[in-house]
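Right, one structure below, let's go through it.
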Amino acid sequence: MTEISSVSMLDLLPPNLKRDPALAAAAKSIDEDLRSITAAISKLSRYDRLDELTDAEADELAWELHVDFYDTSLPLTQKRELVKNAIPFHRIKGTPAAVEDLITILFGEGKVEEWFEYGGEPGYYRVTTNNPEVTLDRAQEFYRAVASVRRLSAHLEEVILSQTESLQLYFGTGMVVNEHIIIK
């Protein structure tokens, strides 16, 4: 099977018209235009190339798909991830999984604990993340992101920032063996 982008108009002409020099020249002259149009057609579907979206295309597609938490100042990789997951987010909106997925995309790793998992008040939940960038400076952004996908009856009680440090830890053991001999 021949790829459409490699077909020449001259190949499509019947044999009697190929012999006409004027028609053969006309067919060859529009080949480049047809190749550029074929290349442009492949770029029309942005859904097929979500990993290659430009900044402006990601912004436009986010508007079209009603991405709940979307900021044009985000890095391009995060924009692409939000656009790519827009439809799944709408399907699971209001669940702890939606909050976890959004936190993972925007702030790194995160886990949602419902009130019954940690002994809190009914209707509350807490988020645990290990991203040190979730500081007071980005707290408003973090709360806005979580509020955009949470269930309206659920309330964020607290955000726990867990931090793991690698330490050089040395330990040793000693053993003493004594023998008591009593002579009488």
Side-chain angles (χ1 to χ4, degrees), residues 1-112 127-135 137-152 154 156 164:
M1 185 178 259
T2 305
E3 192 71 27
I4 193 163
S5 60
S6 63
V7 173
S8 171
M9 281 302 290
L10 189 61
D11 298 337
L12 300 176
L13 291 177
N16 62 336
L17 295 180
K18 281 183 187 178
R19 289 189 291 265
D20 184 359
L23 281 175
K28 287 180 184 177
S29 69
I30 61 172
D31 278 346
E32 188 58 41
D33 290 334
L34 288 175
R35 283 194 186 94
S36 66
I37 290 171
T38 305
I41 288 172
S42 66
K43 292 182 181 178
L44 284 177
S45 175
R46 291 181 286 192
Y47 300 106
D48 294 338
R49 51 185 192 86
L50 287 174
D51 292 327
E52 304 160 5
L53 290 177
T54 65
D55 208 40
E57 287 174 330
D59 293 343
E60 187 177 326
L61 201 52
W63 177 82
E64 286 178 22
L65 295 173
H66 304 286
V67 177
D68 292 319
F69 179 77
Y70 189 85
D71 190 0
T72 55
S73 64
L74 289 172
L76 183 58
T77 55
Q78 287 181 344
K79 288 180 178 184
R80 288 174 179 164
E81 282 299 314
L82 286 171
V83 167
K84 195 183 302 184
N85 292 310
I87 294 172
F89 275 155
H90 285 299
R91 284 187 184 140
I92 63 172
K93 192 172 184 176
T95 65
V99 176
E100 282 183 10
D101 289 347
L102 183 66
I103 290 169
T104 302
I105 290 172
L106 295 175
F107 302 103
E109 190 176 324
K111 182 174 181 345
V112 175
V127 174
T128 305
T129 182
N130 63 359
N131 188 346
E133 292 180 14
V134 181
T135 59
D137 299 336
R138 293 191 67 197
Q140 237 7 65
E141 181 183 349
F142 186 82
Y143 284 115
R144 203 177 91 221
V146 170
S148 71
V149 293
R150 73 172 174 85
R151 191 175 58 250
L152 291 179
L156 180 61
T164 306

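As a basis for the values below, the full set of heavy atoms in this structure was taken, side chains included, without hydrogen atoms, waters or symmetry mates.
- Here the CD atom belonging to Gln78 is positioned 9.5 Å from the OG atom belonging to Ser73, to the nearest 0.5 angstrom.
- Side-chain atoms of Thr129 come within 3.5 Å of backbone N or O of Glu109 as a donor-acceptor pair.
- More than 12 heavy atoms of other residues, nucleotides or ligands shown are found within 6.0 angstrom of CD1 on Ile30.
- Nearest heavy atom pair, residue Val83 against residue Val67, reads CA-CG2, 4.5 Å.
- In this structure, the side chains of Asp55 and Lys79 come closer than 4.5 Å at one or more pairs of heavy atoms.
- Arg80 places a side-chain N or O within 3.5 Å of a backbone atom of Leu53 that can act as its donor or acceptor partner.
- The CG atom of Leu82 sits 11.0 Å away from atom CG of Leu65, with the distance rounded to the nearest 0.5 Å.
- Rounding to the nearest 0.5 Å places CG of Leu10 at 5.5 Å from NZ of Lys18.
- Listed by first and then second residue, the salt bridge (charged side-chain N to carboxylate O under 4.0 Å, His left out) pairs that reach into residues 84-99 are Asp51-Lys84, Asp68-Lys93, Glu81-Lys84, sequence neighbours excluded.
- Side-chain N or O atoms of Glu100 include one that pairs as donor or acceptor with a backbone N or O of Val112 at under 3.5 Å.
- Judged purely by atom type and a 3.5 angstrom limit, His66 has no side-chain atom pairing as donor or acceptor with the backbone of Ala86.
- No donor-acceptor pair closer than 3.5 Å links the side chain of Glu60 to the backbone N or O of Glu57.
- When all heavy atoms are compared, the tightest approach of Phe89 to Ile105 is CZ-CD1, 3.8 Å.
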Kindly indicate, with the supporting measurements, whether the criterion side-chain contact (heavy atoms from CB on, under 4.5 Å) is fulfilled by Leu156 and Arg150. CA-CA 9 Å; Leu156 180 61; Arg150 73 172 174 85; 5.8 Å; no
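- If you take CG on Leu12 and CG on Leu17, they are separated by 11.5 Å, rounding to the nearest 0.5 Å.
- Separating the CG atom in Leu74 from the OG1 atom in Thr72 is a distance of 8.0 Å, to the nearest 0.5 Å.
- Within a 6.0 Å sphere centred on NZ of Lys28, other residues, nucleotides and ligands contribute 12 heavy atoms or fewer.
- Proximity of a side-chain donor or acceptor of Asp31 to a complementary backbone N or O of Met9 within less than 3.5 Å is detected.
- Nearest heavy atom pair, residue Asp33 against residue Ser29, reads OD2-O, 4.5 Å.
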Let me see the working for Ile103 and Val146 under side-chain contact (heavy atoms from CB on, under 4.5 Å), right down to the final yes or no. CA-CA 7 Å; Ile103 290 169; Val146 170; 4.1 Å; yes
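- With values rounded to the nearest 0.5 angstrom, Leu13 atom CG is found 11.5 Å from Arg19 atom CZ.
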As a quick check of understanding, evaluate side-chain contact (heavy atoms from CB on, under 4.5 Å) for Thr54 and Leu76, giving each step before the final call. CA-CA 8 Å; Thr54 65; Leu76 183 58; over 6 Å; no
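- Contact record, Gly94 with Ala98: N-CB, 4.4 Å, taken as the closest heavy-atom pair.
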